[in-house]
Amino acid sequence: MNNPNLKQQVDSRRTFAIISHPDAGKTTITEQLLLFGGAIRQAGTVKGKKTGNFAKSDWMDIEKQRGISVTSSVMQFDFDGKRVNILDTPGHEDFSEDTYRTLMAVDSAVMVIDSAKGIEAQTKKLFQVVKRRGIPIFTFINKLDRDGREPLELLEELEELLDIESYPMNWPIGMGKGLEGIYDIHNERIEFYRPERYEGERFVKLTNGEISGAHPLKEQSIYEDVLGEVELVREAGDQFDLEKIERGDQTPVFFGSALTNFGVETFLETFVDLAPKPHAHKTEEDEPISPYEEEFSGFVFKIQANMNPNHRDRIAFVRVCSGTFERGMDITLGRTGKKMKLSNVTQFMADTRENVEEAVAGDIIGVYDTGNYQIGDTLYEGKLKVAYEELPSFTPELFMKVTAKNVMKQKSFHKGIYQLVQEGAIQLYKTYLTDEYIIGAVGQLQFEVFQHRMLNEYNAEVVMTPMGNKIARWIDPEQLDERMSSSRNILAKDRFDQPLFLFENQFAMRWFADKYPEVELKSLM
């Protein structure tokens, strides 16, 4: 589509994911960002279950009940002349596959760290994915309203555990009950935590790194301590380097408290200024497509069923990579070559949806889907004929046999299984000869969410029989002999009817490899 303002519009986009270990405050900071962007009037906190104010990005019933995010959510707002697309990801490791795919659809990431706990296991794992992709990463050290670890210690841990340079954009003045504010290095000012204690001043400007003239803060011993710490960081720490940030080799670090909404607006103002605009996306041919390419293209990185329980809808989330999406346009689905019209398309403004008339590279749009799309599908306009790189898919480690408790509800049972499988959180298999259903998942919590959603969204109560840990390996159909199967290696087929074995353990797999040395066994990742 011809769009004379395409470059200007693309350059205004900021599309990022928020990642963290569970309970670091990721969803809470998402709420506050939406509040500043005007997308919501009141931030519901995951702690506020008694009030009924749930996080706007946690739309699923089980998320509201448990106070956790188990699926990525997408929200959009405007701030300071920029169009911000924010993707809140699950922190729980059992749902990391959803997070990994989401990271393929963003241009930068915000890593949230608990100031008391520092870098936790899931944070480290997700950071490594971001680092491998060379995604610029910004760090928000959260929960400054509680007593935590020393700031210098947290920066050292960042550099040692994650092997990345850190540059503090601000510095805490106390913490917990003694929190007075933050020394804003980047903006050369002090932001007060309780402005009412300082004649209502929220900010005071710094001259040559200090408050000029008399000021109540200067009467406190903590003031001199902070000046000394900031001077030490400036002299001995890494220097701010925007090129390193853009390569993912340096992370700007912000301190604040999402729960009390302190330091979040300052973070957002600086982030939209420094964060990268949409980048070129790799294709299967390893030829990146420029975001300024005139013809539309994008890829499906997520499918979600039943976001609106009243309508039992199903939405394919598409990252726009190039050109201009216009409502009603004709596109080609790369996998099938099928021509389609994109008429019913939405964008997400926190807890509301709006029909999309136009979107450009960097935007995330939701395409209403009747079963045409799969995760990883490429959509393109005209003669572009592009195929974007494959999205990650992980080999499950835990398996369950699953049946319908009520045989009279087989239709709901089958519909629910197939729709939830297409979201990518669980994988479906059948025993090779008897067609019994087996579902596989990376973590136990995925099974609990599956069971909950089958009952609450499809009215299908399921019976799940644990099979324990198995090692799934695919086999070329031409090499398959059904007699290879045994109690130690169950023969099954995936939802694409490709054969695989579920091995009892490493010993069983090695025994099979010794007995059938010519057979090649493959995993997903």
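None of the values given here were measured: they were computed from a predicted structure. Quick note: numbers below take in every heavy atom, side chains included, and nothing from hydrogens, waters or symmetry partners.
- Taking the charged nitrogens against the carboxylate oxygens, Lys205 and Glu188 have no contact shorter than 4.0 Å, which rules out a salt bridge.
- The existence of a salt bridge linking Glu269 and Arg189 is confirmed by a sub-4.0 Å separation between a basic side-chain nitrogen and an acidic carboxylate oxygen.
- The minimum heavy-atom distance linking Ile426 with Leu420 is given by the pair CG1-O, 4.3 Å.
- Using a cutoff of 4.0 Å between basic side-chain nitrogens and carboxylate oxygens, Arg13 and Asp363 are scored as salt-bridged.
- A donor-acceptor distance shorter than 3.5 angstrom exists from the side chain of Glu159 to the backbone of Ser166, with no hydrogens or angles considered.
- Under a cut-off of 6.0 angstrom, the local environment of CD in Glu153 is crowded, with over 12 non-hydrogen atoms contributed by other residues, nucleotides or ligands.
- Aromatic pair His215/Tyr223: centroids not less than 6.0 angstrom apart.
- At least one cation-pi condition fails for Arg319 and Phe301: the charged atom is not both under 6.0 angstrom from the six-membered ring centre and inside a 45 degree cone around its axis.
- A side-chain contact (heavy atoms from CB on, under 4.5 Å) with Pro278 is found for exactly one of Val106, Val10, Val360, Val320, namely Val10.
- When each of Phe254, Phe192, Phe262, Trp171 is checked for a side-chain contact (heavy atoms from CB on, under 4.5 Å) with Ile182, only Phe262 meets the rule.
- With hydrogens and angles ignored, the 3.5 Å screen pairs no side-chain donor or acceptor of Asn142 with any backbone N or O of Val112.
- Salt bridge Glu210/Lys218: absent, no basic N to carboxylate O contact under 4.0 Å.
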Name each donor-acceptor pair under 3.5 Å that joins a side chain in residues 235-242 to protein atoms two or more places apart or in another chain, with its distance.
residue: Gln239; atom: NE2; partner: Arg234; partner atom: O; Å: 3.3
residue: Asp241; atom: OD1; partner: Glu243; partner atom: N; Å: 3.1
residue: Asp241; atom: OD1; partner: Lys244; partner atom: N; Å: 3.2

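- A side-chain N or O of Gln76 and one of Asn85 form a donor-acceptor pair less than 3.5 Å apart.
- Residue Lys124 qualifies as open at atom NZ: its count of foreign heavy atoms under 6.0 Å is 12 or below.
- In this structure, Asp11 does not pair ionically with Arg83, as no charged nitrogen and carboxylate oxygen lie closer than 4.0 Å.
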